[in-house]
2 protein chains.
Amino acid sequence: MRIGELAARAGTTTRTLRYYESRGLLPARRGSNGYRTYDEDDLKLLRQIRTLQDIGFDLEETRPFVECLRAGHPEGDACPASLAVYRRKLDELDALIGELQTVRAQIGVRLATAGGEPPLCELGGREL
Amino acid sequence: MRIGELAARAGTTTRTLRYYESRGLLPARRGSNGYRTYDEDDLKLLRQIRTLQDIGFDLEETRPFVECLRAGHPEGDACPASLAVYRRKLDELDALIGELQTVRAQIGVRLATAGGEPPLCELGGREL
DNA sequence: CGTTGCCCTGACGTCGGCGTCAAGGCTTAC
DNA sequence: GTAAGCCTTGACGCCGACGTCAGGGCAACG
């Protein structure tokens, strides 16, 4: 299949596919007319990339998964390198979620105490 | 004081201050030689901006706080517009944290089930 | 008078993941 | 033959918050 069909079947754009190719992530064979040619396996690779991207993985982080599939494994996360990315991502997420919760709490307090609160009040309910 | 000193006292750079000025956030008076001149109030405004920025507020979102201080309030969040930003931020944070937790859970499951698990196993401990 | 150290404006670079346009080639249907 | 609809490469645009460089001015010290 050609680039337009692959893009459509993966729910993305031709621009995106050419970008992935430029990054060496999803190289394409070429037909006699110079057109890019893809097969069902490429679709599977592309869907793996897109799934991870949608979840919030950087493009580079999807590379181990793609290489894992290309190595013949039925799942992109069957390889150690992929699992390592999972673990790094878990740590990152935990750190980020923790920070965000801290910030959330800070704002919550500021929202509760800001706006002319009485100096001697101990604890109050929501004012709004 | 001049731009370099203000930057140093706020722990930022002159470039940042000029950028804020270009955005209309922190205008400066000018001395006879064309140099920007700031006072202690400007330092207070700048610290308000930086504090919010560090927490993750967009630059535009700090504007109500700055205007609130400039209006004479001792705290930047003493004004309704600032509180509205707080509330919007809380909602954004809640949504984002929720998404991240969902992703975290997904990855956790994939990490647990990936890597050649036996098809009939019910529940296993950590393998690494 | 020269050097150092501030300051000025203007403008291009950065990062990621593409969007969008330009200018042209191939193929197929009418 | 010609128009439509694919495809090609190349290159600039976008977003936010600045970093960094170029080229020049002012001030103070020795």
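Naming: A, B, ... by sequence-line order, numbering from 1 per chain.
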### Message
For Glu92(B), is there an ion pair with Arg88(B) - N to carboxylate O distance below 4.0 angstrom?
### Response
yes
### Message
Please report the distance, rounded to the nearest Å, between CD in Glu61(B) and C1' in dG16(D).
### Response
12 Å
### Query
Arg18(A) has an atom CZ; how far is it from atom C1' of dG19(C), in whole Å?
12 Å
### Task
Measure from CE on Met1(A) to P on dC7(D) and round the result to the nearest Å.
12 Å
### Task
Could you tell me whether the side chain of Asp39(A) reaches within less than 4.5 Å of the side chain of Arg29(A), counting heavy atoms only?
yes
#### Entry: Cationic N near anionic O, under 4.0 Å, Asp42(B) to Arg9(B)
no
### Task
Report which part of the nucleic acid Arg23(B) touches: base, sugar-phosphate, or nothing (heavy-atom distance under 4.0 Å, all strands).
nothing
### Query
Which letter, B, S or -, goes with each nucleotide of nucleotides 17-29 of chain D from 5' to 3', with contact meaning a protein heavy atom under 4.0 Å?
BBBB----BB---
### Query
If you measure from the Lys or Arg side-chain nitrogens to the Asp or Glu carboxylate oxygens, is any gap between Glu67(A) and Arg63(A) under 4.0 Å?
no
### Message
So, using salt bridge (Lys or Arg N to Asp or Glu O under 4.0 Å) as the criterion, who are the partners of Arg2(A) when residues are at least two apart?
### Response
none
### Message
Can you measure Leu6(A) atom CG to dC7(D) atom P for me and round it to whole angstrom units?
### Response
10 Å
### Message
So, OP1 or OP2 of dC26(C): does either fall under 4.0 Å of a side-chain N or O from Arg36(A)?
### Response
no
### Task
Report which part of the nucleic acid Arg30(A) touches: base, sugar-phosphate, or nothing (heavy-atom distance under 4.0 Å, all strands).
sugar-phosphate
### Query
Under a 4.5 Å cut-off applied to non-hydrogen side-chain atoms, are Glu61(A) and Leu52(A) in contact?
no
### Message
Measure CD1/Ile3(B) against C1'/dG5(C) and give the value in whole Å, please.
### Response
15 Å
